[in-house]
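Below is one structure; the comments refer to it alone.
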Amino acid sequence: MKRYNPKEIEPKWQQKWSEDKTYEASDDPSGKPKKYILEFFPYPSGAAMHVGHVRNYTIGDAMSRHARMMGYDVLHPMGWDAFGLPAENYAIKTGISPKQAIAENTGRFKQQLTQMGFGYDWSREFASSDPEYYRWTQWFFLLLHKRGLAYQKESLQWWCPVDKTVLANEQVENGKCWRCGSEVEKKSLKQWFFKITEYAERLEKDLDDVDWSDSIKAMQRNWIGRSKGAEVVFAMDGSDEKITVFTTRADTLFGATFLVLAPEHPLLKTITAPEHRAQVENYLQKTRNKSDIERQETNREKTGVFTGAYAINPVNGEKLPIWTSDYVLVGYGTGAIMAVPAHDERDWAFAQAFKLPVVPVIEPETGTPQENPETRLSIVAIVRNPRTNEYLSINWGKLGGNLFIGGGREANEDIVETAKREIAEETGYRNLKLVAQTDRIHHHYFAHSKNVARYIEAYGLLFDLEDETRDEQRLEPDEQGKFTVEWLPASAAEAVITDELHTTCYRLLVKGECYHGEGIMMHSGSYDGLRSSEAREKIVADLEAKHLGKERVNYKMRDWLISRQRYWGAPIPMIHCAKDGVVPVPEDQLPVLLPDMQSYEPSGDGRSPLARVPEFVNTTCPICGGPAERETDTMDGFACSSWYPMRFADPRNNDRPFDAVKVQRWLPVDYYIGGAEHAVMHLLYIRMWTKVMQDEGLVDFGEPFTGLRNQGMILAPDGRKMSKSWGNVIAPDDLIEQGYGADAIRVMELFIGPWNQSANWSVEGMGGSFRFLQRVWALSQDYLTKNEPANPADDIAIKQVMHRTIKKVSTDMEAMGFNTAIAAVMEAVNELYRLKVTVPFGAAPEAWRWAIESLLLLLAPFVPHITEELWMQLGHTDSIHLAKWPVYEEQYLTSDRMTIVIQINGKVRSQIEVSSSATEEEVTAQAKEDKKAVVYLTNQTPKKTIYVPGKLVNFVL
RNA sequence: GCGCGGGUGGUGGAAUUGGUAGACACGAGGGACUUAAAAUCCCUUGCCUAAACAGCGUGCGGGUUCGAUUCCCGCCCCGCGCACCA
């Protein structure tokens, strides 16, 4: 009997598959449906792949193999995301050219992928740094430029004063240069941008139509940051200037008590009053020196200065002082806000810091409005003992838990007196000092105990207990003995009291929070009494009629800065001519080739190293033919990866980026598989490019990936990320070398847990995966070598086991339940081991052959080598990976007996075996006689009997 | 703070629409084979218990239900992402 030796069989089949082109996809339509399965294309860095990276490809490979067996034409390509900073820095560090480093690293990666047995169509391989590829990346730049989506703008850029170089955002870690650790500064440079903001709406909306995980969709929505609001125009007091602000809460306009402009706001120069100029200048100077990181720290003390200027509130003519502060960002909205300290926490903090007035205009509304409610007037009194910092609470137990003191109030009754009366009646305390009081609060709820909807108009009051003097409680008869009076520490009061009205009072009075929710309008002229959401729309409409405002949607997302002052990227195909300005390189002159250089270090003058190559820089203007200079910036690596899935459909096209028919055959990608780390970069950029292609008529779809699947990360056994510095990296190469083989690694990658959940790599688990494959191997070898003739035996059990397993694995594969699919096969193997004792191979050779072949077919997507080897040993000549997925037969799934669980009052007490055809009456009758059940039934007649066909009988006593 | 995931034995995890909680695997314990070890094969393994067909068990507290890991309400904890976005 041959021993299972992966070292022997795995390389053999890898070579054979390559020779036979087993996994190459044909562009000729076959009439079969297609599946395009793609894993994020890897960055061939200096470090080799570890078992964490491998999981991603294992998932994609299992899915493609399964799809192929299910009768799909499958495209499963692989290539290299080769341009970008890490490769360049690796080259700078090692002294070898990026081109050479990439060649070496891709070779290594390819070897690693191959030894794992992944079935890629290598005939379509390319790297984004191939001139034949980046020629078309440049072509797309020109397309975006033609469509007005690529533009140049002067903007602030990170600058390291020690390395004398510009840094990309990713290279700035906590405000410091990642290479030398010195504090970075900002420098204004002319940059290229892609106008991704123009696509904000479509990028947001089309997320509805793709099959992506909720978390990635949420991250993208968050990043796009759509927010619907209004622009409001404020006239200046004593000047013709106007200030436009953006707000999502136009309903709070009457509560605006000042305006704030971002320090970079252009109007600041003109509106600042002469006597405030020095102060404002000083503040702007200080702000400029702050890093963005510093500016973005939350909970920072609010800073700012008054400009001396005033604006007029368009709704009530109030004079509002205009301030400037760095908590207002120039890049969002209009860079100016109206501050409503009563209903916005940031404005509240600012108003507190600078003693600015607070005008509440929204009365809080809590709970859900009900139909036809009973109206009640009431108070909520919070009593604090300032000596112990405890809060007086009434514990209603089962009737409603803990509350503060609440009570009804007559329409003409004084609020404070009502509260004091209630406190005295219910708790006996009487020496109280009023500390604070809320505005009216509107509360809706449904009183289940009385089956009635309630609407409560309440006031919250906070009292300090002056002394412990306490009288007798004076309780209504129906309150007697229903509650106890307790003193709760602040933390307990917050945790225990859950009634929405009471917690709202606590937040407003004790925690001093400002109310930023919806509610009922007050102090707002003719809008008083309206619900804030309605008032918001009305106020905007009224402003619009007077041309003082309009509805407006804002996005947080900014345009995509794509120029890099770096060497290793696709050169931006533009030419600067003194006479004709910025001129695109004519298409027939593409690619603009990256010249070979001796040193790739950034120059230090804010220009790319390419600026040091005169042969590259000096050219002629395509329009006037006069001397001109090339753009020396290169494109962000994310530009290169923004169209590669399309290129895989037609990777060798020299006339166009791709052929429309070929792209139509394969795209969009059905499953795009990778980690969640690219949620808002790559996955947003490529969606934008796809929409540009759609608008240009290059493709007939707007979303590149119909399905996106984010695999969970594999961590080291110690629970940390695998990294060289921790010394906890586990490389597949070592495991293969140790003899486990690629197949066992693949089992481990999938069996360790759900594919989309992260997991710690387990050294012991690796042994288990290998053992399992060994059992499959041994079973097959047993069949092949010990198949002596024997008396025929009943093979029904074998068939039942396998048909059940085929069904389970088939449904699991559709749902990507790889771990449970593998578990089901393990279970089948365990059962077959038991069955071979009672039904020897020779007694049912046909059934056994079918069972073992089915087993191999079910395992083929996971473990391609061992299944191929055994498949061939069983006498096949065509690859198992081109075979058909097995089909189960319904008749073997049912048995003539079934197990019925007997429950008494919902508790499992026994189980019985009955005939599958037994009726409810028969099952119930038999259950009542079961000797364990009888003990519980004790001659009682069940009040109720619940029968779930084929599952259980429940007797309710 | 906001958004998105999670919380089940010693461990990783399993459980269609509410219907036998803990599949499968790791680890542990025992046995067989062996001179012995490794490998392999078989058995046991949620907790409590001398043992059980008793009791307790899916983060915590309530609720709905004949029956809740699953549905509803409130809370706690962990991970990830975003974060002065008006």
Side-chain angles (χ1 to χ4, degrees), chain A residues 3 213-219 221-223 225 227 229 245-249 252 260 295-300 302 325-329 331-340 344-347 349-350 398 401 448 494-496 498-500 516 554-557 676-677 679-680 712-713 747-748 751-754 756-769 771-772 774-775 778 811 815 817 819-827 830 833-834 899-911 931-932 935-936 942-946 948 950-957:
Chain A
R3 266 186 68 84
S213 74
D214 286 343
S215 69
I216 298 284
K217 285 192 188 186
M219 278 189 223
R221 288 217 168 87
N222 204 328
W223 188 265
S227 108
V245 306
F246 175 73
T247 178
T248 54
R249 292 297 300 268
T252 62
V260 188
R295 265 186 78 166
Q296 278 164 15
E297 264 169 35
T298 38
N299 304 325
R300 231 181 72 228
K302 291 279 184 288
S325 169
D326 63 6
Y327 85 93
V328 175
L329 308 173
Y332 183 76
T334 61
I337 62 152
M338 62 177 210
V340 184
D344 181 281
E345 280 155 49
R346 298 150 300 182
D347 299 344
F350 193 83
K398 282 262 175 193
H448 287 275
E494 253 177 279
V496 154
T498 56
D499 178 89
E500 221 182 329
H516 57 255
N554 247 314
Y555 297 92
K556 283 191 215 170
M557 188 170 60
E677 67 275 8
V680 287
M713 212 187 327
V747 168
M748 183 62 189
F751 186 66
I752 195 166
N756 55 354
Q757 225 168 279
S758 67
N760 296 3
W761 187 260
S762 155
V763 179
E764 295 80 16
M766 197 59 236
S769 300
R771 260 196 301 280
F772 163 61
Q774 207 164 31
R775 277 165 71 78
T811 48
N819 56 332
T820 49
I822 292 170
V825 179
M826 286 175 170
E827 221 174 325
N830 291 345
Y833 261 73
R834 281 189 282 272
T899 305
I900 298 289
V901 166
I902 304 175
Q903 294 186 342
I904 313 288
N905 287 337
K907 289 207 173 222
V908 177
R909 293 304 182 186
S910 181
Q911 45 185 314
K931 65 178 195 298
K932 284 182 208 163
V935 178
Y936 291 93
K943 206 158 62 182
K944 198 170 165 192
T945 304
I946 290 125
V948 182
K951 290 236 167 88
L952 58 82
V953 182
N954 186 11
F955 295 116
V956 185
L957 300 180

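Proteins come first, then strands; the chains are lettered A, B, ... in the order of their sequence lines, and each starts at number 1. What you see below is based on every heavy atom in this structure, not just the backbone, and it leaves out hydrogens, waters and symmetry mates.
A distance of about 14 Å separates the C1' atoms of B/rA68 and B/rU20, rounded to the whole Å. Comparing the P positions of B/rU8 and B/rC60 gives an interatomic distance of 10 Å, to the nearest angstrom. Here, B/rG74 and B/rG10 have their C1' atoms 33 Å apart, quoted to the whole Å. Separation of the C1' atoms belonging to B/rG1 and B/rU11 is 36 Å when rounded to the nearest angstrom. Nucleotides B/rG13 and B/rG59 have their P atoms positioned 14 Å apart, rounded to a whole Å. Only the C1' atoms considered, B/rA21 is 14 Å distant from B/rC47, to the nearest whole Å. Distance check on atom P: B/rA39 versus B/rG22 gives 30 Å, rounded to whole Å. B/rU70 and B/rG19: their P atoms are spaced 11 Å apart (whole Å).
Residue-level contact check: A/G768 touches the backbone only, with heavy atoms under 4.0 Å from sugar-phosphate atoms and none from bases. Nucleic acid contact for A/K302: base, since at least one base atom lies under 4.0 Å from a heavy atom of the residue. Backbone-only engagement by A/S227 is indicated by non-hydrogen atom pairs under 4.0 Å involving sugar-phosphate atoms exclusively. Among the protein residues, A/R771 comes within range of the sugar-phosphate backbone only, with heavy atoms under 4.0 Å from sugar or phosphate atoms but none that close to a base. Nucleic acid contact for A/Q757: sugar-phosphate only, since backbone atoms but no base atoms lie under 4.0 Å from a heavy atom of the residue. As judged by a 4.0 angstrom heavy-atom cut-off over every strand, A/A218 is placed among residues touching the sugar-phosphate backbone only. At a threshold of 4.0 angstrom between heavy atoms, the contacts of A/T248 are confined to the sugar-phosphate backbone, with no base atom among them. Counting any heavy atom pair closer than 4.0 Å across all strands shown, A/N222 reaches a base atom.
Among all heavy-atom pairs drawn from A/F751 and A/N819, the shortest one is CD1-O, 3.6 Å. The two residues A/T247 and A/M338 have their closest heavy-atom pair at OG1-CE, 3.8 Å. When every heavy atom of A/V908 is checked against every heavy atom of A/Q903, the shortest pair comes out as CG2-NE2, 4.0 Å. The heavy-atom pair separating A/V328 from A/I337 by the smallest distance is CG2-CG1, 3.7 Å.
Judged purely by atom type and a 3.5 angstrom limit, A/Y555 has no side-chain atom pairing as donor or acceptor with the backbone of A/W223. A distance-only check finds a donor-acceptor pair linking the side chain of A/N954 to the backbone of A/G906 [under 3.5 Å]. Between the A/R249 side chain and the A/H516 main chain, a donor and an acceptor come within less than 3.5 Å of each other. Of the possible polar contacts, one joining the A/D347 side chain to the A/V340 backbone as a donor-acceptor pair under 3.5 Å is found.
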N/O-N/O pairs, protein side and nucleotides 16-24 of chain B side, under 3.5 Å:
from	atom 1	to	atom 2	distance (Å)
B/rG19	N2	A/Q903	OE1	3.0
B/rA23	O2'	A/E827	OE1	3.3
B/rA23	O2'	A/E827	OE2	3.4

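A syn orientation is assigned to B/rG9, its glycosidic angle lying within 90° of 0.
Look at A/Y327 and you won't find any side-chain N or O under 4.0 angstrom from OP1 or OP2 of B/rA86. OP1 or OP2 of B/rC56 has at least one side-chain nitrogen or oxygen of A/K907 nearer than 4.0 Å. In terms of phosphate contacts, A/R909 brings a side-chain nitrogen or oxygen within less than 4.0 Å of OP1 or OP2 of B/rA54. Contact annotation: A/R775 reaches the phosphate of B/rC42 (side-chain N/O to OP1 or OP2, under 4.0 Å).
The distance from atom CG of A/N760 to atom C1' of B/rA25 is 16 Å, rounded to the nearest whole Å. Here B/rC84 presents its P atom at 12 Å from OH of A/Y332, a figure rounded to the nearest Å. Rounded to whole Å, atom P of B/rG81 lies 7 Å from atom CE of A/M219. Distance CG (A/N756) to P (B/rC80): 17 Å, rounded to an integer number of Å. Rounding to whole angstrom units, CE of residue A/M766 and P of B/rG27 are separated by 13 Å. Between the CE atom of A/M557 and the P atom of B/rG81 there is a distance of 21 Å, given to the nearest Å. Put simply, CD on A/E764 is 8 Å from P on B/rA28, counting in whole angstrom units. Counting to the nearest Å, the C1' atom of B/rA86 and the CZ atom of A/F350 are 14 Å from each other.
Nearest nucleotide to the side chain of A/D326, out of B/rC84, B/rA86, B/rC4: B/rC84. Residue A/Q774 places its side chain closer to B/rU40 than to any other of B/rA86, B/rU40, B/rA54.
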Under the side chain to side chain contact (heavy atoms under 4.5 Å, CB included) rule, what do A/I822 and A/V747 come out as? Steps first, then yes or no, please. CA-CA 8 Å; A/I822 292 170; A/V747 168; 4.3 Å; yes

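Within the 4.5 Å cutoff, the side chain of A/F955 has no heavy atoms near those of the A/R909 side chain.
In this structure, A/S215 and A/F246 both approach RNA chain B, and ranking their closest nucleotides by distance from the 5' end singles out A/S215. Of the two residues near RNA chain B, A/G335 and A/G753, the one whose nearest nucleotide lies more 5' is A/G753.
For A/K302 and A/Y327, the positive end sits near the middle of the six-membered ring, less than 6.0 Å away and at most 45° from its axis.
For RNA chain B, the stems formed by at least three consecutive Watson-Crick or G-U pairs, with both atom-pair distances below 3.5 Å, span B:1-7 with B:76-82, B:10-12 with B:24-26, B:27-32 with B:40-45, B:59-63 with B:71-75.
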